[in-house]
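The structure under discussion appears below in the form of structure tokens.
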Number of protein chains: 2
Amino acid sequence: MRMSEGVEWALHSCLNLSWVDSGRAVTAAKLAAFYELPAAYLNKQLQALTRAGILSSSSGPRGGFQLARSPAAITLLDIVTAIEGPDEAFRCDEILRQGPGGDPETDYRQTCLISQGMRRADIAWRRELAAQTLADIKSSVEQKFPAAPLSTRNRLAALRA
Amino acid sequence: MRMSEGVEWALHSCLNLSWVDSGRAVTAAKLAAFYELPAAYLNKQLQALTRAGILSSSSGPRGGFQLARSPAAITLLDIVTAIEGPDEAFRCDEILRQGPGGDPETDYRQTCLISQGMRRADIAWRRELAAQTLADIKSSVEQKFPAAPLSTRNRLAALRA
DNA sequence: GACGGGGTACTCGGATAGAGCTTGTCCGAGTTAGCGTGG
DNA sequence: CCACGCTAACTCGGACAAGCTCTATCCGAGTACCCCGTC
């Protein structure tokens, strides 16, 4: 149960984008160079975020990515779901159907108590992720590292793309 | 972030084992036939559970697997961890180290606020799994399906192995 | 000097290969039960 | 009849392949800008 590496990249990239002047787009190449990541692959993750409506993209010169909505309206769950997909980690293949008294009509994802127990944990995980917005993270970072916004903007401006 | 299929098998197999007379071992072949699973592969999962101290195994005729301790002392988290490993789902590769002001000495798994946010969710997930014991599940199932214990024992006895 | 058109460079987007992990399978080491034999 | 040793079958345990997802990369479609020519 390993989460894709792209999740970390997506989270940090979104945070960096939250410090960019609104209306300014940043290219995938710059966002990748920021952490020395493979540009083409990060681009793939940013595409997923765009499809999810978290980022908006524009082509051509002066093109790139920017946040599609306010950081307060973007939760960690939104980003994780955009990259990893909506499925829950535990997948119930309903093996009870092969057991004694197995009924082809029954939806064991609902009735199986083991499945319910696993889902309970999954919901707790999602609830915790949904409770943290990008604005929360942004605010915490700014409080702990006041230089972060300016430092990020400067580095993004200085990087060649 | 897909969990191994073996987790479901392990959970159901442990539950079935909780209904077997204590002192009686059940072979991997029987546990697999119970749900028409590939025996050799289930065996692999049972080995992992044994290494984790959840099951105890014995070789030779009349050998097999049995619970190593009381169902009340086995949590869902124990079983999941035994199969999936102890690592948390979100892996922080500390890409901040490549960013501005990156310090090779700093442990960004601790200081990075994004990493902390993800860990918070992971802890909530684990807490929920640890709160549910095999005895809880067993009790709930027996209350909802009173025939389950006998039905399970009968099927295990009837299966050829 | 202002406007319009074409070319050009730049960006995303999806289609295309390679690596690592999960899944699936096999055979060997160890152990226990049963049986036969001898006392 | 009982005890002992041997055989043989059975089980786990780890070593050995195949499929699939994740990782990585490339090139094409689309777009905005810039330059040049014309009015």
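A, B, ... follow the sequence lines: proteins, then strands. Residue 1 opens every chain.
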(message) Could you check whether B:E88 pairs with B:R119 (Lys NZ or Arg NE/NH1/NH2 to Asp/Glu carboxylate O, under 4.0 Å)?
(response) yes

(message) I'd like to know if A:R91 and A:D87 make a salt bridge, using a cut-off of under 4.0 Å between side-chain N and carboxylate O.
(response)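 No salt bridge links A:R91 with A:D87.
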
Find the distance [X]:[atom1] to [N]:[atom2] and express it as a whole number of Å.
X     : N      : atom1 : atom2 : answer
A:L46 : C:dG13 : CG    : P     : 9 Å
B:R24 : C:dT32 : CZ    : C1'   : 14 Å
A:I83 : D:dC22 : CD1   : P     : 12 Å
B:D93 : D:dC22 : CG    : P     : 16 Å
A:E36 : D:dA24 : CD    : P     : 14 Å

Among [options], find the nucleotide with the atom closest to the side chain of [X].
X     : options                : answer
A:T27 : C:dT11, D:dT11, D:dG14 : C:dT11
B:P61 : C:dG13, C:dT32, D:dC12 : C:dT32
B:Q47 : D:dC12, D:dG14, D:dA32 : D:dG14

(request) Determine: side-chain N/O of A:R62 to OP1/OP2 of C:dC12, distance under 4.0 Å, yes or no. (result)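 Indeed not, no polar side-chain atom of A:R62 lies that close.
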
(message) Let me confirm one number: the CD1-CG distance from A:I79 to A:L134, rounded to the nearest 0.5 Å.
(response)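 Answer rounded to 0.5 Å: 5.5 Å.
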
(message) Can a donor-acceptor pair be found, under 3.5 Å and without considering hydrogens, that links the side chain of B:R153 to the backbone of B:W19?
(response)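 Side chain of B:R153 to backbone of B:W19, a donor-acceptor pair under 3.5 Å: yes, one is there.
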
(message) If we ignore hydrogens and angles and just use 3.5 Å, is the side chain of B:S139 paired with the main-chain N or O of B:A135 as donor and acceptor?
(response)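 No, the answer is negative, given that no donor and acceptor are paired below the 3.5 Å cut-off.
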
(message) What's A:A28 touching, base or sugar-phosphate or nothing? Going by heavy atoms closer than 4.0 Å.
(response) sugar-phosphate

(request) Give a yes/no verdict on a cation-pi contact between B:R97 and B:Y108, requiring under 6.0 Å between NZ or CZ and the six-membered ring centre and an angle within 45° of the axis. (result)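 Not satisfied by the 6.0 Å and 45° rule.
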
(request) Find which nucleotide of DNA chain C each of A:G60 and B:G60 is nearest to by heavy atoms, and output the residue with the more 5' nucleotide. (result)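 It is A:G60 whose nearest nucleotide is closer to the 5' end.
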
(request) Do nucleotides 20-27 of chain C as a string where each nucleotide becomes B, S or -: B if the base has a protein heavy atom under 4.0 Å, S if just the sugar-phosphate does, - if no protein is that close. (result) -S-BBBB-

(request) Select from A:S59 and B:S58 the residue whose nearest nucleotide in DNA chain D is closer to the 5' end of that strand. (result)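 Nearest-nucleotide comparison on DNA chain D picks B:S58.
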
(message) Could you work out, with side-chain hydrogen bond (donor to acceptor under 3.5 Å, both in side chains) as the rule, every residue matching A:S18, not counting sequence neighbours?
(response) none

